[in-house]
Amino acid sequence: MSDLLAHLNPSQAQAVTLPDEHALILAGAGSGKTRVLTTRIAWLIHSGAVSPAGILAVTFTNKAAREMRLRIEAMVDGRARGMWIGTFHGLCNRLLRAHHRDAGLAALFQILDVADQLAAIKRLLKALNVDSDRFPPRELLYFINTHKEAGLRPHAIEAHDDYTRRRVELYQEYEAQCQRESVVDFAELLLRCHELLQRNEPVRRHYQQRFRHILVDEFQDTNALQYRWLKLLAAEGGEGGAALFCVGDDDQSIYRFRGANVGNMRDFEREFHVRHLIRLEQNYRSHGNILDAANAIISNNGNRLGKNLWTERGEGEPIRVFEALSDGDEARWIVGEIETLVREGVARGDIALLYRANAQSRALEHQLFSSGIPYRVHGGLRFFERQEIKHALAYLRLIANADDDTAFMRVVNFPARGIGARSQELLLDAARAGGASLYAAIAALSGRSAVALAPFHRLIEDLRGETAALPLPDLVEHVLERSGLRTHYQTEKEGQDRLENLAELVTAARNFSVEAQVAPETWGAPHGLLAEFLNHASLEAGDHQAGAEEDAVQLMTIHAAKGLEFDVVFLGGLEEELFPHGNSLAESGGLEEERRLMYVAVTRARKRLYLSCAQERVLHGQTHYCLRSRFLDEIPQSLVKFLARGTQRSASAAPSGSGAVSRPRAPETASSRGLPGGLRIGQNVRHPRFGYGVIVAAEGGGGDAKAQINFGDAGVKWLLLSAAKLETV
DNA sequence: TAATCGTTGGTTTTT
DNA sequence: CCAACGATTA
């Protein structure tokens with residue numbers, strides 16, 4: 001047992017060996033958070049304090065849950081079996097399946113992902129004849145989800161205006177529709193589970209008594225409902241409740257926009273009378289200069305729980321800062337620098353390009369592509385979200401549950417089988433009138449549309465019969481064939497990739513049936529394993545992308561980079577309005593969240609960090625003249641090395657010869673020649689009173705020349721150049 | 001039913 | 001600028 005603790009520093013060891021009481025672990029970036037969490041669990045089991053079945057560990061991603069289980073298994077050889085490790089959604093799903101009756105759900109209820117949910121809402125609005133201009137589906141989705149995440153059912157919402165009253169009604173209608181179709185969305189999983197535990201005392205007591213230790217990862221990202229769920233399970237305040245062990249970092253809370261509530265950390269500390277607050281501040285990832293920069297940046301935020309990262313490593317290299325002329329120039333510079341690094345032996349996979357917004361990847365990709373550097377963009381469409389996969393899953397869903405109208409609508413006429421908009425409308429009306437699902441309503445049709453829909457009805461019937469006894473992979477295979485999906489993509493000229501993905505789906509089903517331990521409650525149910533596979537597909541969007549093996553430069557948003565680390569990190573687009581993003585500046589607390597994002601970005605780097613900004617950037621087809629980000633100025637100058645144009649080690653392979661990274665002036669700039677004093681649009685200037693600014697427009701000439709200058713916080717002003725004491729920067 | 005045109009909106013998104 | 005969606009047209 002002592003060797004469990006052998007590689008831990010004192011704070012880590014203290015956290016791991018805490019008594020059976022509530023604890024809050026403030027784990028800084030790179031401080032060994034996961035190690036503490038997993039070792040804690042192993043230690044609890046080894047010390048005999050609790051049996052594996054008494055442990056519940058909660059994460060946010062399936063990947064994190066898998067890794068945690070793997071690492072624990074390595075430490076407790078085989079005794080990890082009875083532990084519950086999973087995401088909030090995965091665990092709630094499991095509980096709801098086990099107690100579906102008590103929760104008022106069908107045994108084989110399906111899970112809607114966001115796209116399904118949006119489709120369901122659109123269908124609802126259409127059925128109710130609601131003007132979707134007045135009630136945009138996206139807005140309604142947001143309305144429903146935020147209220148669910150706040151634990152509010154329609155009847156509990158106070159509506160003070162007609163508009164909200166109507167939205168509440170629609171929320172209610174949406175719930176009824178989901179119930180009728182036996183589907184639940186993500187937020188519903190949590191809310192339903194919370195209600196189950198709250199209302200059903202035997203069930204609640206059962207789990208409260210079972211789980212002696214509840215451990216939560218990324219606690220700063222929990223939302224209000226998740227925290228309430230934890231409180232309920234841990235029997236807050238009651239005798240004999242579980243010990244809650246929460247690990248998180250308030251400085252890395254970057255999902256507020258999605259409902260995450262950092263305040264949960266303080267609330268937890270207070271409500272559970274937490275006596276053990278441990279800070280993990282020793283960082284094992286980054287060199288000193290990088291940490292110092294991160295600390296300096298985040299110190300500008302107020303209301304922190306407080307933490308200062310340090311390292312035993314040396315200070316390392318300075319942080320490199322580059323000011324590019326334009327976004328294209330920035331991309332060229334970054335790629336030039338990457339070429340140098342690769343030539344010096346840095347693996348491409350150890351280099352990451354981070355950015356605030358996905359749109360920024362375009363320029364970078366373009367440049368990487370033309371330089372022939374392999375790269376991989378993270379994010380974007382995931383496996384189970386692809387069109388062809390969703391189509392295949394829809395057929396599978398109809399087999400498991402024919403009342404799933406979302407699935408029905410998706411494939412009723414795909415591949416095209418002559419069921420046009422008219423037939424679909426008639427069917428929707430019939431279903432609505434009879435209070436039945438679309439599938440059931442086919443029987444009620446007559447005339448032309450009945451004829452049109454009959455073959456589809458028969459197809460689904462047949463599929464159910466034919467597949468009832470098939471092993472899951474064969475079942476999927478059969479559906480691909482019989483539904484006509486495969487033939488459809490075979491005849492489509494761009495269908496090759498899609499066919500491969502469909503084949504990959506069969507593989508996924510095979511892997512799933514090998515690995516899955518089928519939950520007892522679905523044993524024997526005719527398509528029980530299928531239902532579980534479908535849930536797996538909804539809850540796990542599929543991180544395993546093809547082509548992950550090649551040694552490639554990694555591109556992703558800062559959000560996507562959380563939890564990852566790289567030897568070399570490039571962070572581009574450090575400009576006001578982009579990062580910090582303009583939209584976030586308006587909301588209260590927005591700037592601080594942006595700053596945490598900056599903190600996350602900086603702490604991804606192990607050895608070398610490059611920061612860059614551009615003087616002008618094309619966004620939405622318009623050229624913006626940018627001020628450098630305030631975050632750049634929050635880094636102590638002593639840590640920084642400013643790279644001047646041409647200073648970079650010359651690369652013979654560079655696009656236009658050594659140092660010649662600047663491009664010809666843009667037309668906009670050329671049109672502004674004639675401004676006195678060598679000023680041009682896009683020029684950075686300093687004014688004695690207004691501070692730093694950038695010229696965004698100009699008019700007049702000679703002695704009358706005026707320039708419009710954006711001074712950031714000081715506003716945008718027109719100044720007479722002959723009078724203003726401007727200094728170029 | 002499919003193809004085409006026009007409108008709209010574009011920060012981040014673990015489940 | 002440009003992708004994605006909805007409505008209109010062939």
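Hydrogens, waters and symmetry mates play no part in the numbers below; they use all other heavy atoms, side chains included.
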On the 0 to 90° scale, with breaks at 30° and 60°, tag the A:Phe88-A:Trp229 ring pair as parallel, tilted or perpendicular.
-> perpendicular

State plainly whether the residues A:Glu149 and A:Arg258 are in salt-bridge range, i.e. N to O under 4.0 Å.
-> no

Give a yes/no on whether any side-chain N or O of A:Asn223 is located under 4.0 angstrom from OP1 or OP2 of B:dT15.
-> no

Can you label the angle between the A:Phe257 ring and the A:Tyr255 ring as parallel, tilted or perpendicular, going by 30° and 60°?
-> tilted

Rounded to the nearest Å, what distance is computed from the CZ atom of residue A:Arg258 to the C1' atom of nucleotide B:dT15?
-> 6 Å

Counting side-chain heavy atoms from CB outward, which of B:dT13, C:dC1, B:dT15 is closest to A:His620?
-> C:dC1

A:Phe512 vs A:His536 aromatic rings, parallel, tilted or perpendicular, using cut-offs 30° and 60°?
-> tilted

Reckon A:Val114 touches a base, only the sugar-phosphate, or nothing at all at heavy-atom distances under 4.0 Å?
-> base

So what does A:Tyr255 hit on the nucleic acid, given a heavy-atom distance under 4.0 Å: a base, only sugar-phosphate, or nothing?
-> base

Nearest-nucleotide check on DNA chain B, A:Gly418 vs A:Lys562; residue mapping nearer the 5' end is A:Gly418

Side chain of A:Asn413: nearest nucleotide among B:dT15, B:dT1, B:dT11?
-> B:dT1

Decide, applying a 5.5 Å centre-distance limit and a 30° plane-angle limit (both strict), whether A:His89 stacks on B:dT15.
-> no

So which pairs with a foot in residues 221-232 of chain A pass salt bridge (charged side-chain N to carboxylate O under 4.0 Å, His left out), sequence neighbours left out?
-> A:Asp221-A:Lys562, A:Lys231-A:Glu271

When rounded to whole Å, the CD to P distance for the pair A:Glu587 and B:dT11 reads 11 Å

Among B:dT1, B:dT14, B:dT13, which is the nearest nucleotide to the side chain of A:Ala416?
-> B:dT1

Considering only the P atoms, how many Å lie between B:dT13 and C:dA4, rounded to the nearest integer?
-> 15 Å

Provide the distance between the two C1' atoms, one in B:dT12 and one in C:dC5, to the nearest whole Å.
-> 22 Å

Compare every heavy atom of A:Ser588 with every heavy atom of A:Arg256, then report the nearest pair and how far apart it is.
-> NH1-O, 3.0 Å

Whole-Å distance between B:dT13 P and A:Glu218 CD?
-> 15 Å

So what does A:Gly90 hit on the nucleic acid, given a heavy-atom distance under 4.0 Å: a base, only sugar-phosphate, or nothing?
-> nothing

In whole angstroms, how far is the C1' atom of B:dT12 from the CG atom of A:Leu585?
-> 14 Å

Looking at the side chain of A:His581, which of B:dT13, C:dC5, B:dT11 is the nearest nucleotide?
-> B:dT11

Between A:Leu118 (CG) and B:dT13 (P), how many Å, whole number?
-> 18 Å

Does A:Arg382 make a side-chain N or O approach to OP1 or OP2 of B:dT14 shorter than 4.0 Å?
-> yes

May I ask you to verify if any side-chain N or O of A:Thr59 is less than 4.0 angstrom from the OP1 or OP2 atom of B:dT14?
-> no

Which part of the nucleic acid, if any, lies within contact of A:Ile419, taking any heavy atom under 4.0 Å across all strands shown: a base, the sugar-phosphate backbone alone, or nothing?
-> sugar-phosphate

Let me know the distance between CD1 of A:Ile85 and P of B:dT15, rounded to the nearest Å.
-> 16 Å

Using the 3.5 Å cut-off, write out each protein N or O paired with an N or O of nucleotides 2-4 of chain C and the distance between them.
| from | atom 1 | to | atom 2 | distance (Å) |
| --- | --- | --- | --- | --- |
| C:dA3 | OP1 | A:Arg362 | NH2 | 3.2 |

Would you classify A:Asp113 as touching base, sugar-phosphate or nothing, given that sugar-phosphate means primed atoms plus P, OP1 and OP2, and contacts are heavy atoms under 4.0 Å?
-> nothing

Out of B:dT15, B:dT14, B:dG10, minimum distance to the side chain of A:Asn62 belongs to B:dT15

Does the gap between the ring centers of A:Phe143 and A:His147 come in under 6.0 Å?
-> yes

A:Phe268 vs A:Tyr227 aromatic rings, parallel, tilted or perpendicular, using cut-offs 30° and 60°?
-> perpendicular

Side-chain N or O of A:Lys122 closer than 4.0 Å to phosphate OP1/OP2 of C:dC5 | no

Nearest to side-chain heavy atoms of A:Phe60, which nucleotide of B:dT13, B:dT11, B:dT14 = B:dT14

Do we count A:Phe257 as stacking onto B:dT12 if the rule is ring centres under 5.5 Å and planes under 30°?
-> yes

Can you check the A:Arg617 CZ to B:dT11 P distance for me, whole Å?
-> 15 Å

From NE2 of A:His536 across to P of B:dT15 the rounded distance in Å is 11 Å

Over all heavy atoms of both residues, which pair between A:Val600 and A:Ile558 is shortest? Give the atoms and the distance, please.
-> CG1-CG2, 4.1 Å

